[in-house]
Structures are given as structure tokens and as C-alpha cells.
Amino acid sequence: MTADAPVLTIDGPSGSGKGTISRAVALRLGWHYLDSGALYRAVGVAAGWADLDLGDAAALVRCTFDTTIAFRDDPAGEPRVIVNGHDATDELRTETAGAAASAIAAIPEVRAALKDRQRAFRRAPGLVADGRDMGTVIFPDARWKVFLTASAEERAERRYKQLKNKGVSVTMDGLLREILARDARDANRAVAPLRPAEEAVRIDTTGLGIETVVAQVLALLPARMD
Ligand SMILES: Nc1ncnc2c1ncn2[C@@H]1O[C@H](COP(=O)(O)OP(=O)(O)OP(=O)(O)O)[C@@H](O)[C@H]1O
Ligand SMILES: Nc1ccn([C@H]2C[C@H](O)[C@@H](COP(=O)(O)O)O2)c(=O)n1
């Protein structure tokens, strides 16, 4: 049954590797994957298309209800994200979309409007869910909970390499400032702030390669799961 499907939550700050590790673990397990940040980013992008003011909470809540968001597997890489019928995958990954998502995510009614959409991803044989409040709010009964961290400097460096590879011009100083600002906003908001669930296993990924982190996460699950 859907409500019984096992869930592994992976929360953490921006650039800690949640998406990369969650996708790899879901692939190994043959489980579904929820990128909850993409939902907040999608609303941020849709709000931008509609020229909404990020200070107008009522309009943003309406926009959340009105925005359609679909994920489409892409054999060439990350899943494509279709917002209101348009492929918005590349726009979603920009720092501007991340900052808009972080601002919008502080509005309690927006978070409430996205709750059921996130929980609908829980399906057999299992779900790996990545975000900020997966273990604390969305799936408090998850069987396994992980909280990934890494130093802000290493996270900025990862992002720098990622954006450089895409041909985006950025500076390390600028990225570090953005990461620290987003950490502060996500961790200090009143509703569902970024924090580890009490029972979460914390993994500091500073200096650890992707495969090492994937192995540490998979080691938390019983051997026969993968
Ligand atoms: N352990 C790691 N070692 C080195 N690079 C990593 C590691 N984990 C992730 N990366 C790289 O860091 C970049 C950011 O990773 P990712 O997008 O998974 O982070 P995230 O926590 O999901 O960020 P966001 O919350 O902003 O979406 C990617 O280029 C990814 O390949
Ligand atoms: N469960 C979540 C997921 C995301 N957010 C907000 C806060 C983030 O800064 C922003 C973008 O997320 P990302 O794609 O970087 O993981 O969305 C949240 O509040 N709760």
C-alpha cells in the first residue's frame, strides 16, 4: 500500500549533495525519487513568469495552487521538470530561482499547499525524498533519515564547478555569500526550518567523494534492499 511504502529522507543545506546522493541511492534501490526543492523552485519560476511581487504572499499562495508541475524521466541525465506545460528544468537550476524558492518557502500557506503533492510521491517499492523538512514535517514516520552537511566553502566550490561546467559566469565570493544567505533564510524561518530530525544520521560530506557518501547512506538500509 502507498502509505506503507518505505521512505528514506535526505535533508540538508544547499550544495550538501542531497540531490546527487538521493538520485543515486534511488537508482540503486529502484525506488521513486522526490526533489522537493524543485516544487518550490517551480512556484518561484511561475511567479516570475506572472511578474508577481515576492512580497505579495496572497498572490504567491494562489500561484502555488495554480501551478502545474510534472517530472519527466530523461535517460540523458536529471529528470526534466515541466511547469505549466513548459520545460523549465534549466531555469529552475539558476541561483535566481533558488533564491526565489527560498523566499517563497517561508510562507506557511505555500508550504501547506505543497504538502499533499509531496506525500503523493510515496509509492511502492519505496521513496527517497530530498529537501529541508522531509524528515521533520513531510515524512516524520520515514524509516531512515539522513542529514547531509558540508562546509560552506566546499559547497560554494562544488556549485562553482557545477556552474562553470554549464558555462555560467560566477565568482566564488558571490556564491559563498549566496549560500550563507540561503542557509540563514532556510534555517531561521518560523515554519519547517532547515534542521535535522532528532533521529537523523548526520553525514558531514566535506572531503568525501560522491560514491563514498552513497555507500554510507546505502549501508543504513538492510542488505537485501538493493
Ligand atoms: N560528496 C560530494 N563530493 C563532491 N561533489 C559533490 C558531492 N556531492 C555533490 N557534489 C556536487 O555538488 C554539486 C551540488 O550537488 P547537489 O545539487 O546534489 O546539491 P544539493 O544539496 O541538492 O543542492 P540544492 O539544495 O541547491 O539543490 C553537484 O555538482 C554535485 O555533483
Ligand atoms: N523541502 C524543502 C525544499 C526546498 N525548500 C526551499 C528552500 C530552498 O532554499 C529552496 C530551493 O531548494 P533546493 O532546490 O535548493 O533544494 O526551496 C524548502 O523550504 N523545503
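Counting starts at 1 for both ligands and their atoms, in listed order.
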Between [X] and ligand 2, does any nitrogen or oxygen pair lie at a separation below 3.5 Å?
X: Ser14; result: no
X: Asp130; result: no
X: Asp186; result: yes
X: Gln118; result: no

With atom 3 (C) of ligand 2 as the reference point, say which of Ser36, Gly12, Gly19 has the nearest heavy atom.
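Of the listed residues, Ser36 has the closest heavy atom.
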Which option out of Ala97, Ala105, Gly37, Ala101 puts a heavy atom nearest to atom 12 (O) of ligand 2?
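Of the listed residues, Gly37 has the closest heavy atom.
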Would you say the side chain of Thr149 lies within less than 4.5 Å of the side chain of Ile203, judging by non-hydrogen atoms?
no
Using only heavy-atom distances, determine whether the side chains of [X] and [Y] contain a donor-acceptor pair under 3.5 Å.
X: Thr171; Y: Asp173; value: no
X: Arg158; Y: Ser16; value: no
X: Ser14; Y: Arg182; value: yes

Below 4.0 angstrom from a heavy atom of [X], which ligand 2 atoms are there? Numbered from 1 as shown, please.
X: Met134; value: 1 (N)
X: Arg41; value: 11 (C), 13 (P), 14 (O), 15 (O)
X: Asp133; value: 1 (N), 2 (C), 20 (N)

For the pair Asp4 and Arg122, find out whether any cationic side-chain nitrogen is under 4.0 Å from an anionic carboxylate oxygen.
no
Using the ring pair (Phe, Tyr, Trp, His ring centres under 6.0 Å) rule, take Phe71 and Phe121 through it: C-alpha gap first, then chi angles, then the decisive distance, then the call.
CA-CA 11 Å; Phe71 294 86; Phe121 280 77; 5.8 Å; yes
If you count heavy atoms of other groups shown closer than 6.0 angstrom to CD of Glu199, is the number above 12?
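Result for CD/Glu199: enclosed.
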Name the residues with a heavy atom less than 4.0 Å from ligand 1?
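Within 4.0 Å of ligand 1, the protein residues are Pro13, Ser14, Gly15, Ser16, Gly17, Lys18, Gly19, Thr20, Arg41, Arg93, Arg132, Arg158, Arg159, Gln162, Arg182, Leu208, Gly209, Ile210, Val213.
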Starting from [atom], which protein heavy atom do you reach first, and at what distance in Å?
atom: atom 20 (N) of ligand 2; answer: Arg111 NH2, 3.0 Å
atom: atom 17 (O) of ligand 2; answer: Tyr40 CB, 3.6 Å
atom: atom 16 (O) of ligand 2; answer: Arg132 NH1, 2.8 Å
atom: atom 11 (C) of ligand 2; answer: Arg182 NH1, 3.5 Å

Please report the interatomic distance OG1(Thr96) to CD(Glu91), rounded to the nearest 0.5 Å.
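That separation rounds to 9.0 Å.
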Apart from Ile179 itself, what residues make up its hydrophobic cluster when side-chain heavy atoms of I, L, V, M, F, W and Y under 4.5 Å apart count as a link, directly or indirectly?
none
Give the contacting part of Glu95 toward ligand 2: side chain, backbone, both or neither, where contact means a heavy-atom distance below 4.0 Å.
neither
Return yes if some donor-acceptor pair links the side-chain N/O of Asp56 with the main-chain N/O of Ala59 below 3.5 Å, else return no.
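Yes, the answer is positive, given that a donor and an acceptor are paired below the 3.5 Å cut-off.
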Heavy-atom gap Arg185 to ligand 2 smaller than 4.0 Å
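Arg185 does not count as a contact of ligand 2 under the 4.0 Å cut-off.
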